[in-house]
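A note on names: the letters A, B, ... follow the listed sequences, proteins ahead of strands, and every chain is numbered from 1. Just so you know, these numbers use all the heavy atoms, side chains as well, and skip hydrogens, waters and symmetry mates.
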2 protein chains.
Amino acid sequence: MTERGAAAAGGEALLYLTDDQLRKGIEAMYFAYRGFTADPDRILARHGYGRAHHRAIHFINRAPGTTVNNLLSILGVTKQSLNRVLRTLIEDGLVESRIGQADKRERHLFLTAAGRTLDRELSEAQRGRMRAAYREAGPAAVAGFRQVLEAMMDADLRRQFAALREGGP
Amino acid sequence: MTERGAAAAGGEALLYLTDDQLRKGIEAMYFAYRGFTADPDRILARHGYGRAHHRAIHFINRAPGTTVNNLLSILGVTKQSLNRVLRTLIEDGLVESRIGQADKRERHLFLTAAGRTLDRELSEAQRGRMRAAYREAGPAAVAGFRQVLEAMMDADLRRQFAALREGGP
DNA sequence: ATTTTATGTCAGCCTTGTTGACTTTCCAAG
DNA sequence: CTTGGAAAGTCAACAAGGCTGACATAAAAT
């Protein structure tokens, strides 16, 4: 009746891998994500937009001049879905679509001044919550948080994530 | 040109609170959540269900005999939305709805054997990913992960989460 | 010259959220 | 005992945002 699980697993303390701990993590992820999206959702609703618009705005701001295809692969949706969103953002003057210089089939996407304003409003809200959570948890917890999140991504999403890291500041 | 930010903030190393770090956290949360839902989504699609069905099944299994109202407050959707999902689950024989003994207006919800089977399939997939991520990141990272997630929740969701903890095993 | 690629568009479908209106059941307070 | 209100269910209508399939256009690549 000694610590059988731990012993069988090679002497390490693997209590954090019990089904109950895993379930707690799953539920925490669910509730936290709701918090994560709550503030932007409220702002978006005021402007008549949804999360899809937020994602487009975010990644266009993240990589100005990105092509539609590039955005599609980051977001993992169909071009019809993305196009519906992009069309309204362009019509509303938040996004500008420029025909490519080298390859004229491509459209390069940029935020307009108005687009950047909305992006700032959204990202400030989201960063505010993140900052509060980070501050409450402390630097060591934040490092762990980031590690687990990265390990939870699909391989291809992890690559997308890493690519954003390289390109960006 | 010394560490001005840190000094201004009271001598602590607050580099983890820079806007860039916060943005990395935000993007990590987005990509990780996609990984988090990917496996269940595939299983659900095979059965002709969506995420809403998963959530209902999960929390009914979590608290068997829960009332519809209770489930509504956990999930934060309208009764019309939940009802549509519950109806199909009941019709398909995955959920049983029993009229309350004390209060006959209430419906108490239970998974049937078939419901438990699907729940097991879904939660095993999700736990599998979680377990891999936890194992890769290690116990210290997991503790930090959980801390940040909890700090990110809305106050009322945090209460819901805590209540699940108390009630559960 | 032909094929492939990048993009856009139309039409239609599904899930899952919403609001509003209305009914039935039934507990509990007057 | 009557009545107010809570719990639950139902119908209808709508919107966002996914999806597929089909088709058009322009430009690059072969």
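- The phosphate of D:dG9 has OP1 or OP2 within less than 4.0 Å of a side-chain N or O from B:R107.
- Spacing between atom OH of B:Y49 and atom P of D:dG18 amounts to 24 Å, rounded to whole angstrom units.
- The CZ atom of A:R146 sits 14.0 Å away from atom OH of B:Y16, with the distance rounded to the nearest 0.5 Å.
- Using a 4.0 Å heavy-atom cutoff across all strands shown, A:H108 reaches no nucleic acid atom at all.
- Residue order along DNA chain C, read from the 5' end via each residue's closest nucleotide, puts A:T67 first among B:G50 and A:T67.
- Near DNA chain D, meaning a heavy atom under 4.0 Å away, the residues from residues 97-105 of chain A are A:A102, A:D103, A:K104, A:R105.
- Cation-pi check for A:R129 over A:F36 is not met; the charged atom does not lie both under 6.0 angstrom from the ring centroid and within 45 degrees of its normal.
- Under a 4.0 Å N-O distance rule, the pair B:D154/B:R158 does not qualify as a salt bridge.
- Using bins of under 30°, 30° to 60° and over 60° for the plane-to-plane angle, the ring pair A:F59/B:F31 lands in the tilted bin.
- With hydrogens and angles ignored, a donor-acceptor pair under 3.5 angstrom links the side chain of B:R84 to the base of C:dG17.
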Identify each atom pair where a protein N or O and an N or O of nucleotides 10-12 of chain D are less than 3.5 Å apart, giving names and distance.
residue, atom, partner, partner atom, Å
D:dT10, OP2, B:N83, OD1, 3.2

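- A:E91 places its CD atom 13 Å from the P atom of C:dG8, with the value rounded to the nearest Å.
- Atom CG in A:L72 sits about 13 Å away from atom C1' in D:dG18, given to the nearest Å.
- Listed candidates were C:dT16, C:dT7, D:dG18. Nearest to the side chain of A:V68 is C:dT7.
- Distance, B:L71 CG to D:dG9 C1': 15 Å, rounded to whole Å.
- Rounded to a whole Å, the CD atom of B:E106 is 14 Å from the C1' atom of D:dG9.
- A:L86 has its CG atom 16 Å from the C1' atom of D:dA16, to the nearest Å.
- For the pair B:R159 and B:F161, the NZ or CZ position fails the cation-pi test of under 6.0 Å to the six-membered ring centre and within 45 degrees of the ring normal.
- The existence of a salt bridge linking A:E106 and A:K104 is excluded, since no basic side-chain nitrogen approaches an acidic carboxylate oxygen closer than 4.0 Å.
- In this model, the phosphate group of C:dT16 is approached by a side-chain N or O of B:H53 to a distance below 4.0 Å at OP1 or OP2.
- Rounded to whole Å, the distance from CG on A:D41 to P on C:dT16 is 17 Å.
- For the pair B:R98 and B:F110, the cation-pi test (distance below 6.0 Å, angle within 45°) is passed.
- At D:dC19, one or more side-chain N or O atoms of A:S81 fall inside 4.0 Å of OP1 or OP2 (strictly under the cut-off).
- Ion pairing of A:E121 with A:R46 is present here, as a side-chain N (NZ or NE/NH1/NH2) and a carboxylate O approach within less than 4.0 Å.
- Between A:L82 atom CG and D:dG18 atom P there is a gap of 9 Å when expressed in whole angstrom units.
- Listed pair A:T78 / D:dC19 meets the phosphate criterion, a side-chain N or O lying under 4.0 Å from OP1 or OP2.
- Ion pair A:D119/A:R116 not flagged as a salt bridge, since none of the NZ, NE, NH1 or NH2 atoms sits closer than 4.0 Å to an Asp/Glu carboxylate oxygen.
- In terms of phosphate contacts, A:N69 brings a side-chain nitrogen or oxygen within less than 4.0 Å of OP1 or OP2 of C:dT7.
- For CD of A:Q101, the number of neighbouring non-hydrogen atoms (other residues, nucleotides, ligands) closer than 6.0 Å is 12 at most.
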